[in-house]
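Position 1 is the first residue of the sequence, and the numbers go up from there. Read the numbers this way: they start at 1 and go in the same order the structure lists the ligands and their atoms. Because the structure is a prediction, the values reported are computed rather than measured.
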Amino acid sequence: MKIINSISGMRKLALKWKQEGLSVALVPTMGFFHEGHLSLMKAAGSKADHVVVSLFVNPAQFGSNEDLNHYPRDLEHDAKLAEDKGVSCLFCPDAKDIYPPGFQTWVRVEGVSQRLCGTSRPEHFRGVATIVAKLLIIVQPDMAIFGQKDFQQLQVIRRMVSDLNIPVNIIAHPIVREPDGLAMSSRNTYLDAQERESALSLVQAIRLAEKMVALGNRSGPEVIQAIRNHIQSFGNTKIDYVFIGDPESLKPCREIVDETLLALAVWVGKTRLIDNTLLKQ
Ligand code: AMP
């Protein structure tokens with residue numbers, strides 16, 4: 001597996017593969033790999049001749065009071081895990097090359113960026129859309145794979161790729177969970193034992209909602225209230241949002257129809273966790 005830091009080196013390798021007629025899948029990440037990341041890499045490997053994993057803790061998607069400086073990092077371990085998954089190239093650019101002095105071009109996806117996480121993290125999706133656009137331009141992959149764990153991010157990227165006519169196939173990958181149901185996340189490492197217990201309130205609330213819908217309840221407000229009650233019964237939790245709405249436009253709705261998005265963001269102590277599901281009738 002090659003580890004490439006320079007943008008020009010990455011471009012050169014991707015171009016060589018293209019000239020050889022080989023397909024490329026890109027998996028953008030911020031590193032500190034867990035099974036969620038690794039299953040994206042595996043899926044990518046089953047679909048393309050070469051997998052490029054980008055590892056870049058993107059400063060532009062962190063707010064000024066967020067965890068950029070504490071975000072977990074372990075390049076050596078990540079490189080080993082990626083190599084074991086058959087990844088061809090780990091692309092780890094420097095922030096000073098991605099955002100050189102004088103940088104002033106941002107990709108802002110309106111609408112879908114402004115709701116849910118966009119309310120409490122107003123610049124987050126501008127940072128995400130910009131870095132993903134740059135990675136797609138540098139690597140020019142045939143496909144790029146994103147986890148449904150970050151459902152809103154996936155929709156922002158789909159919108160951007162469609163609106164800007166970027167020639168890439170965006171593939172969604174299901175959420176990978178711990179055996180007890182907690183959605184895997186690099187940020188789970190922040191949780192102490194008690195917070196880890198409270199973190200289970202998210203997946204439990206999702207299962208509660210799924211059960212209510214399976215029993216015939218179609219009322220968004222009632223399901224939201226049940227979710228809020230459940231999460232608030234745990235110590236150390238503070239709800240950022242509980243959303244029920246259309247999975248594409250991310251507009252809220254009152255009536256649950258087939259494939260309605262349920263998404264939540266909850267603070268557990270100082271850690272903000274997200275989770276979601278598509279409710280089915
Ligand atoms: P991150 O390193 O957190 O930016 O995530 C990189 C990619 O992995 C994104 O497409 C995420 O949606 C995806 N991802 C993170 N956690 C999970 C998970 N538990 N299941 C599936 N995909 C995930």
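For ligand 1 and Pro28, the ligand atoms under 4.0 Å from any heavy atom of the residue are 6 (C), 7 (C). Atoms of ligand 1 lying under 4.0 Å from at least one heavy atom of Phe146, given by number and element, are 10 (O). Every atom of ligand 1 with a heavy atom of His37 under 4.0 Å away is listed here by number and element: 1 (P), 2 (O), 3 (O), 5 (O), 6 (C), 8 (O). Residue Val176 has at least one heavy-atom neighbour below 4.0 Å for each of these atoms of ligand 1: 18 (C), 19 (N), 20 (N), 21 (C). Those atoms of ligand 1 that come under 4.0 Å of a heavy atom in His34, given as number and element, are 15 (C), 16 (N), 17 (C). Close contacts of ligand 1 with Ile175, meaning ligand atoms under 4.0 Å from a residue heavy atom, involve 20 (N), 21 (C). Taking a cut-off of under 4.0 Å to the non-hydrogen atoms of Pro174, the atoms of ligand 1 that pass are 20 (N), 21 (C). Atoms of ligand 1 found under 4.0 Å from any heavy atom of Gly147 (numbered from 1 in listed order, with element): 9 (C), 10 (O), 11 (C), 12 (O), 13 (C), 22 (N).
Residue Met184 holds the heavy atom nearest to atom 19 (N) of ligand 1 of all those in Lys149, Met184, Met30.
Ser120 and Asp240 form a side-chain donor-acceptor contact under 3.5 Å, judged by distance and modelled atom types alone. Using a 3.5 Å distance cut-off with no hydrogens or angles, the side chains of Asn58 and Tyr71 do not pair a donor with an acceptor. Using modelled atom types and a 3.5 Å distance limit, the side chains of Gln155 and Arg158 yield a donor-acceptor pair. With hydrogens and angles left out, the side-chain atoms of Glu210 and Thr277 include a donor and acceptor closer than 3.5 Å.
Just one residue in the list Arg121, His124, Gln61 forms a side-chain hydrogen bond (donor to acceptor under 3.5 Å, both in side chains) with Glu66, and that residue is Arg121.
Under 4.0 Å from ligand 1, not a single heavy atom of Leu154 appears.
Note: Ile137 CD1 to Arg11 CZ = 8.0 Å, rounded to the nearest 0.5 Å.
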Begin with the C-alpha distance, continue with both residues' side-chain angles, and end with the deciding distance and a verdict on salt bridge (Lys or Arg N to Asp or Glu O under 4.0 Å) for Glu123 and Arg108. CA-CA 9 Å; Glu123 298 300 338; Arg108 190 183 284 281; 3.6 Å; yes

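Taking atom 14 (N) of ligand 1 as the reference point, the nearest protein heavy-atom neighbour is Asp150 OD2, 4.3 Å.
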